[in-house]
Amino acid sequence: MTDLQHAKACVLAMERGLDAAASGHAADALAPATSPDWLWRGMHPFHEQTGAEAVARSYWDPVKAAFGPQQRRRDIFMAFENGMEGKTGTWVVEMGHMLGLWRQPFLGLRPTGRMAFLRYAEFNRVEGDRIVETAHFVDLMNLMHQAGCQSLPQSTGTTLITPGPMTHDGLLYDAQPPEEGVTTLALINRMIDRLIGTGVRTLRSDLELDWREDMLWWGPGGIGASYSFDGYLVGHTAPFEEDLEFLSHNGHVTRGGEGAFGGFFGWPSMTMRPTGGYMGLTAASTQTADMRIVDLYRRDGDLLAENWIFIDHLHFLNQLGVDLLERERRLQAGTP
């Protein structure tokens, strides 16, 4: 077990070096802060990488080349011991945006020449003085929306630059009362157990048990954000629950809370089957596909008030034969 405050300091030190590094030099900042066999999980098309050189070459150097000097704009920062039964580990979690000027192609997508916000959530497991495991979720469909990509469907929610907590208190650089994190995790567990128990079918009466009625659900690109029970039931549950059949919940790698904030990620979280036109991109099929998911929460008293969600939609769709990046590249090139 690594002290939470020490783990936070390790991650912050790594990020200071990484943020200052130029394209082509990210590995120089990552290597001293990570273990030689560091496991890094990224969303499609980056997937799993091992070690600083591979992570820099596949992800950070291309990001820095495309978006130039970036500003890291954190909205949530916390740490916790893994609260999953039978699992251990000290995790540092953050969420926010990487802001840059999009001047070079990225993943074959044409640069806009304008400011871009790369929405991200990251989980880092720390042992001693080194980061040994990372999950880095980035909302590429949100970025594509900013670029006006023609391959994207109309979102049922609102796609926007996602705000941080309404209370502006998500940066937990200082130690928090342990009992607050315990309370937050217990509420998240109760909500998850109820959702899975229904087969991922949500009624208004279910929401009333765990959520504030003026809940804010900050969804990923492709679905978008929703406000209040009424907005959530139309903007999220309609496309998600009506167009997908829930097959299994595969558990989470880590889950925990600090203060009034908490969350988890799964690799994958769920296995689903399309039953209709999910996001207007899939047809009913017998093909199954896995979803990699991040959920982060803010608790208000004894209810959940805000939820930030990342789904590796590009990976999910790829399993179903829909390659949105390739489709957009062809549209930009004017080829069929």
Side-chain angles (χ1 to χ4, degrees), residues 75-76 78 80-87 91 93 95 121 123 135 137 157 162 164-167 169-170 172 176 178-220 223-242 244 246-272 291-311:
D75 292 307
I76 292 176
M78 61 180 165
F80 51 71
E81 297 298 328
N82 195 338
M84 296 292 295
E85 185 176 354
K87 296 186 178 182
W91 291 85
V93 182
M95 184 208 75
F123 289 67
F137 280 66
T162 305
M166 186 179 69
T167 47
D169 58 355
L172 307 183
Q176 304 296 308
E179 62 274 13
E180 291 296 316
V182 170
T183 298
T184 300
L185 179 57
L187 178 54
I188 292 171
N189 286 340
R190 187 181 78 185
M191 181 274 301
I192 293 171
D193 290 345
R194 194 188 319 279
L195 181 63
I196 300 304
T198 65
V200 190
R201 293 292 169 184
T202 306
L203 301 175
R204 187 184 190 90
S205 56
D206 298 317
L207 294 174
E208 291 172 347
L209 298 171
D210 300 313
W211 294 88
R212 287 177 53 108
E213 186 165 5
D214 61 350
M215 64 180 291
L216 290 158
W217 192 85
W218 304 110
I223 297 178
S226 297
Y227 172 53
S228 79
F229 289 173
D230 290 340
Y232 177 80
L233 290 169
V234 172
H236 172 57
T237 62
F240 197 84
E241 298 181 5
E242 293 176 10
L244 296 173
F246 170 75
L247 299 178
S248 67
H249 182 252
N250 305 310
H252 297 136
V253 175
T254 188
R255 191 190 300 174
E258 186 181 26
F261 294 86
F264 55 78
F265 83 91
W267 196 265
S269 291
M270 296 190 291
T271 300
M272 318 286 280
M291 272 193 173
R292 303 163 174 171
I293 299 174
V294 162
D295 275 81
L296 298 176
Y297 300 90
R298 178 176 69 85
R299 174 178 58 84
D300 181 7
D302 58 357
L303 294 172
L304 296 170
E306 294 188 79
N307 185 192
W308 294 263
I309 304 90
F310 294 73
I311 299 176

With a 3.5 Å distance limit and no angle check, can you tell me whether [X] reaches the backbone of [Y] through a side-chain donor-acceptor pair?
X	Y	result
N307	L296	yes
Q176	G181	no
T184	E180	yes
D300	E306	no
D193	R190	no

Exercise. Salt bridge check: are E85 and R255 linked by an N-O gap of less than 4.0 Å?
Worked result: no
For this session: Can you spot which of W91, F123, F264 makes a ring pair (Phe, Tyr, Trp, His ring centres under 6.0 Å) with H252?
Result: F264
Give the minimum heavy-atom separation between [X] and [Y], together with the two atoms involved.
X	Y	value
M191	D210	CA-OD2, 3.5 Å
G83	L185	CA-CD2, 4.1 Å
S226	G235	OG-CA, 3.5 Å
H249	F246	N-CZ, 3.4 Å
F229	E208	CE1-CG, 3.5 Å
A225	W218	CB-CE3, 3.7 Å

For this session: Evaluate the side-chain contact (heavy atoms from CB on, under 4.5 Å) criterion for residues T202 and L207: first the C-alpha distance (whole Å), next the side-chain angles of each, then the deciding distance (0.1 Å), finally the verdict.
Result: CA-CA 7 Å; T202 306; L207 294 174; 3.7 Å; yes
Are [X] and [Y] packed together at the side-chain level, in the sense that at least one heavy-atom pair is separated by less than 4.5 angstrom?
X	Y	value
P165	F261	yes
T254	F80	yes
V200	E241	yes
L303	W211	no

Exercise. CD/E213 to CG/D230 distance, rounded to the nearest 0.5 angstrom?
Worked result: 7.0 Å
